[in-house]
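For reference, the structure discussed in these notes is given below.
The structure displayed is predicted, hence computed values, not measured ones.
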Amino acid sequence: MAHSPMPSLVRGGLKSERGLWLLLACLFTLVGAVNVTVALSESAWWQAAVAALLLLAAAACARAAGRAAR
């Protein structure tokens, strides 16, 4: 049984949804960049791992924004 796509919880439809995904991608990128800076200055391997996860999340959000645009 095929289900219809989940409705967007924001007004404006797909354009707003794409904007929200892009905003999340920007925020994850910003926090990831700060974590990279902290990891390099403190030589903290775990901080670098957190930064990598945040940058992966940013890439996933950017990919979701691209899908929402279609």
Side-chain angles (χ1 to χ4, degrees):
M1 179 171 151
H3 295 283
S4 62
M6 191 169 99
S8 178
L9 299 176
V10 295
R11 290 181 62 158
L14 293 177
K15 199 170 198 179
S16 294
E17 184 179 349
R18 181 176 184 261
L20 287 174
W21 281 117
L22 286 175
L23 177 66
L24 277 174
C26 290
L27 290 174
F28 277 125
T29 303
L30 177 66
V31 174
V34 169
N35 277 332
V36 166
T37 306
V38 170
L40 291 175
S41 67
E42 295 182 1
S43 297
W45 65 268
W46 63 271
Q47 197 80 28
V50 169
L53 289 175
L54 288 168
L55 294 175
L56 283 173
C61 288
R63 186 173 180 192
R67 287 183 180 172
R70 292 183 208 163

Considering only distance and modelled atom types, tabulate donor-acceptor pairs under 3.5 Å from the side chains of residues 40-54, sequence neighbours left out.
{"from": "Ser41", "atom 1": "OG", "to": "Thr37", "atom 2": "O", "distance (Å)": "3.3"}
{"from": "Ser41", "atom 1": "OG", "to": "Val38", "atom 2": "O", "distance (Å)": "3.1"}
{"from": "Gln47", "atom 1": "NE2", "to": "Asn35", "atom 2": "OD1", "distance (Å)": "2.5"}

Can you pull out every side chain to side chain donor-acceptor pair (under 3.5 Å) where at least one residue sits in residues 48-61? Sequence neighbours excluded, please.
none

For Thr29 versus Ala58, what's the shortest heavy-atom pair and its separation?
OG1-CB, 3.3 Å

Honestly curious: do Phe28 and Leu55 fall in one hydrophobic cluster under the side-chain, below-4.5 Å linking rule?
no

Measuring from atom CG of Leu22 to atom CD of Glu17, what distance do you get when rounded to the nearest 0.5 angstrom?
11.0 Å

What's the shortest heavy-atom distance between Ala62 and Ala25, and which atoms?
N-CB, 3.9 Å

